[in-house]
Amino acid sequence: MSEVVVVKGGELLFCGSTCWDSVGRRKGLTEGNLVSPTRLRPLVGVDICFVAAGCASCHCVALDTEGRCYTWGRNEASVSCVFIFYFSFVLFSLCWNVKCVVALQKGQLGHGDKITRDRPTVVSELSKYKIIRAAAGKSHTVVVTDDGQSFAFGWNKHGQLGIGSAKNETELSPVRCAVTEVNTVACGADFTVWLTSVEGASILTAGLPQYGQLGHGTDNEYNTKDSSVRLAYEAQPRPRPIAAFSGETIVKVACGTNHTVAVDKNGYVYTWGFGGYGRLGHREQKDEFAPRRVDVFTRQNILPPDAIVSAGSVSSSCTAGGGQLYMWGKIKSTGDDSMYPKPLLDLSGWNLRCMDSGYMHHFVGADSSCISWGLAQCGELGYGPHGQKSSAVPKKVDILDGMHVISVACGFAHSMVVIDRTNVEDRLEQLDVYDGKASEEVGAEPVSESPVSQKAPKKASAKALAKSNKRKKSKDVSESEDEEEQNSDDESDDYEEQSNGRAKSSGRGRGKAAGKATAAKKGAGRGKGRPPAANKSSPPEGKVSTGKRGRPRKS
């Protein structure tokens, strides 16, 4: 077990969405955004040293200097019903169709229940351990103790908890992972990566192998039935060392939604998994089922020991020689994708200490400033009520200027920053404090969806109108049923689709059924080059980034 570096604690600040039950979903309320860095009442004065959130996660994890683990956010406990009325082709009469969309109860907060929490709460079953690292997936959480153990809780349908079995799809309380001598952990949407001190097994993975993100050379794809074209992917519930690294020691790792970035002790960078938008950095969009070295970071441009590695839903990044930040993948919402690592010149000369990436936004702690940029919808960049919502170029968070950032974390639509209180306590006291809702209040607001609310014809004279509309109504019902059936296997949200960025259409036969279902919605192909012409009619991205362009000016 390597020596644990003691990190000084600080004040946790939060910005972004607090509507945990609706954020990232197709329909729902979006009020309650914190557009400026805000203190959280339960953590005011608590020495937080580490924060974690995943680019596909709608929940948060924070660790204090005493080793306590706090979690809050989405925990799944909602049910919504859709009532649709239509004319039956067979009976030619008015019919009602009732569909219940149940949000599967995942338990990713680890409190032994299914209650969404708006306030940071200590995970009581971990109180006898000192937690030093944590990671968050789409619906699961994994932590590491100071003695090398690892515990996980939440959704386990694909074996992403790494407990050796996927028999129980949900673990509401922490359970021990089948790994030892763990140094750190990272989570993708539905998979987990552990780094250990075990010789010959420095990196282990478990979970969903669909895009090759586990690095074992296969996606474990199979047909659900002999006569069916529906594909499934065999879960891998037991953490397994990546054979390609049997003679290497991996020291850093980061996970996007469905891809992985790793760095070995020699400073070489490897990527594998989903290749859309060039997020793997290999100058092509092909999926990689086994680790492949990124050729940009070789010879004189290998990564130093203090390098930073980060992965967002559709991008990857790291710092190389001289602290220069390189990024690749879909970095901006418009324009060409970066198919290989390119230096981000806006941050040249800055001393980057920490970085994290969300769905399509990024946070950096550099020198005595906090810098953010990217596409945002819920105030996750922290620019304030009068600031711009998104930014195509790195921009300082003005309210945090002159503050030393200890740790950062980005979720799907939120961000967390830990600030060193030294010499800035007075300024921190002036920031807003968010009280949050009590546990029983969160999710109490009913979610009702009524796609069709037209009245039935009352008179016989309306029969012709009914005939002309019945096909349209039946089509709407059919599309609604197909869409709900497609989502019932997981949950009724769309951020997995957003995170991948394109419909899966590789030549391996994967996603044929899904491709048909999503063709009408997406129609964007593989995401190469510029967006489709339809986007030209929408407001240009440049209007969003109305602030000053260019490099953030040092204090």
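Taking a 6.0 Å sphere around NZ of Lys342, one finds it holds more than 12 heavy atoms contributed by other residues, nucleotides or ligands. Other residues, nucleotides and ligands place no more than 12 heavy atoms under 6.0 Å from the CZ atom of Arg238.
Across Arg283 and Val296, no two heavy atoms sit closer than the pair NH2-CG2, 4.1 Å. Pairing each heavy atom of Gly110 with each of Pro174, the nearest pair is O-CD, 3.6 Å. Residue Val261 comes nearest to Ala311 through the heavy atom pair CG2-CB, 4.3 Å, listed as atom of the first residue, atom of the second, then distance. Considering every non-hydrogen atom in both Thr257 and Ser313, the closest pair reads OG1-OG, 3.1 Å. Minimum interatomic distance between Gly137 and Cys187 (heavy atoms only, all atoms of both residues): N-CB, 3.6 Å. Scanning both residues, Val424 and Met403, for their nearest heavy atoms gives CG1-CG, 4.1 Å.
Side-chain contact check for Thr271 and His282: at least one donor-acceptor pair (N or O, by modelled atom type) lies under 3.5 Å. A side-chain N or O of Ser316 and one of His259 form a donor-acceptor pair less than 3.5 Å apart. A donor atom on one side chain and an acceptor atom on the other are not found under 3.5 Å apart for Trp350 and Asp367. Defined by atom type and a distance below 3.5 Å, a donor-acceptor pair is present between the side-chain atoms of His216 and Gln236. Thr422 and His404 are not linked by any side-chain donor-acceptor pair at a separation below 3.5 angstrom, with hydrogens and angles left out of the test. With no hydrogens or angles considered, a side-chain donor-acceptor pair links Ser357 and His362 at under 3.5 Å. Side-chain N/O atoms of Ser202 and Thr249 include no donor and acceptor closer than 3.5 Å.
Ion pairing of Arg292 with Glu284 is present here, as a side-chain N (NZ or NE/NH1/NH2) and a carboxylate O approach within less than 4.0 Å.
Here the side chains of Asp337 and Lys330 are in contact, with some heavy-atom distance below 4.5 Å. Counting only heavy atoms from C-beta outward, the side chains of Leu344 and Trp373 approach each other to under 4.5 Å. Taking the side chain as every heavy atom from C-beta outward, Val142 and Ser150 approach each other to under 4.5 Å. Looking at Trp20 and Cys60, their side chains come closer than 4.5 Å, going by heavy atoms from C-beta outward. Proximity of Thr71 to His59: side-chain heavy atoms (C-beta onward) are nowhere separated by under 4.5 Å. The shortest distance between side-chain heavy atoms of Cys69 and Phe50 does not fall below 4.5 Å.
The structure places OG1 of Thr260 at 12.0 Å from CD of Glu288, a figure rounded to the nearest 0.5 Å. With rounding to the nearest 0.5 Å, the separation of CD in Gln213 from OG1 in Thr192 is 11.0 Å. With rounding to the nearest 0.5 angstrom, the SG atom of Cys58 is 12.5 Å from the OH atom of Tyr359.
Not one N or O on the side chain of Asn183 forms a donor-acceptor pair closer than 3.5 Å with the backbone of Val144. Counting only distance, with no hydrogens or angles, the side chain of Glu221 and the backbone of Asp219 share no donor-acceptor pair below 3.5 Å. Panel note: side chain Glu380, backbone Cys378; a donor-acceptor pair is recorded below 3.5 Å. Using modelled atom types, no side-chain atom of Arg230 and backbone atom of Lys225 make a donor-acceptor pair closer than 3.5 Å. Between the side chain of Thr116 and the backbone N or O of Asn75 there is at least one donor-acceptor pair closer than 3.5 Å. Of the possible donor and acceptor atoms, none in the side chain of Gln108 sits under 3.5 Å from a partner among the backbone N and O of Trp155. Side chain of Arg39 to main chain of Glu11: no donor-acceptor pair is present (N/O by atom type, distance under 3.5 Å, no hydrogens or angles).
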Query raised in the report: Between His111 and Thr121, is a side-chain hydrogen bond (donor to acceptor under 3.5 Å, both in side chains) present by the stated rule, with each step listed?
Result: CA-CA 9 Å; His111 300 300; Thr121 307; 4.6 Å; no
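Pairs of residues two or more places apart, or lying in two chains, that qualify as salt bridge (Lys or Arg N to Asp or Glu O under 4.0 Å) and include a residue from residues 50-64 are Asp64-Arg68.
Applying the side chain to side chain contact (heavy atoms under 4.5 Å, CB included) test between Val405 and each of Cys354, Ser369, Ser368 identifies Cys354 as the sole match. Among Tyr326, Tyr340, Tyr268, the single residue meeting the ring pair (Phe, Tyr, Trp, His ring centres under 6.0 Å) criterion with Phe297 is Tyr326.
The aromatic rings of Phe274 and Tyr211 sit perpendicular, their planes meeting at an angle over 60°, well past the 30° parallel limit.
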